[in-house]
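Some notes on the structure that comes next.
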Amino acid sequence: MRVLELKNLYSEDIGLYYRRNYSALAVLELPIKTTEVPIDFIIEIGPLGNKEIYIDLKKSVDYPLIPLKKNIKEYILNKDKEGLLV
């Protein structure tokens with residue numbers, strides 16, 4: 001399983017500097033097919049600078065949930081480090 005991209009990325013401004021809300025379409029390459037899944041996710045920065053990511057899948061996927069969310073979180077963290085999430 002691999003995350004190919006995040007399409008239609010939308011950032012919601014909520015007024016808190018330590019929390020960012022997003023919605024997007026995650027393009028996932030599964031063993032059998034490639035699919036698009038709508039997701040909402042939050043990047044929250046803790047008091048020590050650590051980033052926590054919370055993901056809400058809006059559609060069920062025929063793939064185990066724990067590795068799916070883990071791969072999406074890693075992809076989001078990498079894009080955030082590159083400065084591509086505004």
Side-chain angles (χ1 to χ4, degrees):
M1 201 289 310
R2 190 168 69 119
V3 180
L4 298 177
E5 68 175 316
L6 292 177
K7 292 173 45 177
N8 301 335
L9 184 65
Y10 173 74
S11 174
E12 179 184 346
D13 185 22
I14 60 169
L16 298 173
Y17 69 92
Y18 61 89
R19 188 174 179 155
R20 296 179 288 166
N21 292 359
Y22 295 93
S23 61
L25 274 176
V27 181
L28 306 174
E29 182 182 54
L30 301 176
I32 298 175
K33 63 180 177 178
T34 300
T35 186
E36 292 182 355
V37 178
I39 63 170
D40 289 336
F41 63 95
I42 298 169
I43 300 175
E44 188 170 319
I45 301 171
L48 299 176
N50 56 325
K51 292 184 181 180
E52 290 290 327
I53 298 177
Y54 305 99
I55 297 175
D56 182 24
L57 298 172
K58 298 296 183 181
K59 183 176 100 174
S60 64
V61 180
D62 191 22
Y63 195 80
L65 194 58
I66 293 175
L68 178 74
K69 284 190 171 186
K70 180 180 177 271
N71 286 344
I72 294 173
K73 285 180 183 182
E74 289 174 0
Y75 183 85
I76 290 170
L77 275 175
N78 287 336
K79 291 301 175 187
D80 191 45
K81 285 179 186 175
E82 294 172 6
L84 299 175
L85 298 179
V86 178

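Keep in mind it's a predicted model, so treat the numbers as computed, not measured.
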Spacing of OG belonging to Ser60 relative to CG belonging to Leu65, to within rounding of 0.5 Å: 10.0 Å
Set of ring pair (Phe, Tyr, Trp, His ring centres under 6.0 Å) partners for Tyr75, sequence neighbours left out: none
Reported OG1-to-OH distance for the pair Thr35 and Tyr63, which is rounded to 0.5 angstrom: 13.5 Å
Where Lys59 and Glu36 come nearest, the two heavy atoms and their spacing: NZ-O, 3.2 Å
So which of Tyr10, Tyr54, Tyr22 actually passes ring-ring contact (aromatic ring centres under 6.0 Å, His included) with Phe41? Tyr22
Working to the nearest 0.5 Å, report the span between CD of Glu44 and CG of Asn50. 9.5 Å
Measure the shortest side-chain to side-chain distance between Ile42 and Arg19 over non-hydrogen atoms and say whether it is less than 4.5 angstrom. yes
Step by step, work out the side chain to side chain contact (heavy atoms under 4.5 Å, CB included) result for Met1 and Leu68. CA-CA 7 Å; Met1 201 289 310; Leu68 178 74; 3.6 Å; yes
Between Ile76 and Leu4, is there shared hydrophobic-cluster membership here, with clusters defined by ILVMFWY side-chain heavy atoms closer than 4.5 Å? no
Answer with yes or no whether the hydrophobic clustering places Ile53 together with Leu28; edges join I, L, V, M, F, W, Y residues whose side-chain heavy atoms lie under 4.5 Å apart. yes
Please determine which of Asp40, Ile14, Asp13 meets the side chain to side chain contact (heavy atoms under 4.5 Å, CB included) test together with Asn21. Ile14
Leu85 with Ile55, same ILVMFWY side-chain cluster at under 4.5 Å: yes
Check this for me: Leu16, atom CG, are more than 12 non-hydrogen atoms of other residues, nucleotides or ligands nearer than 6.0 Å? yes
Could you measure the distance from the CD1 atom of Ile43 to the CZ atom of Arg20? Nearest 0.5 Å is fine. 4.5 Å
same_hphob_cluster(Leu77, Val27) at 4.5 Å side-chain heavy-atom cutoff: no
Between CD on residue Glu5 and CG on residue Leu84, distance to nearest 0.5 Å: 12.5 Å
Quick check for you: to the nearest 0.5 Å, what is the distance between Ile45 atom CD1 and Tyr18 atom OH? 11.0 Å
Cluster overlap Val3 with Leu25, hydrophobic side-chain contacts below 4.5 Å: no
Show the nearest heavy-atom pair for residues Ala24 and Leu9, with the distance to one decimal. CB-CD1, 3.7 Å
For a quick test of reading the model, state the closest non-hydrogen atom pair linking Ile39 to Ala26 and the distance between them. CD1-CB, 4.1 Å
Please tell me if the side chains of Lys58 and Val37 come closer than 4.5 Å, counting only heavy atoms from C-beta onward. no
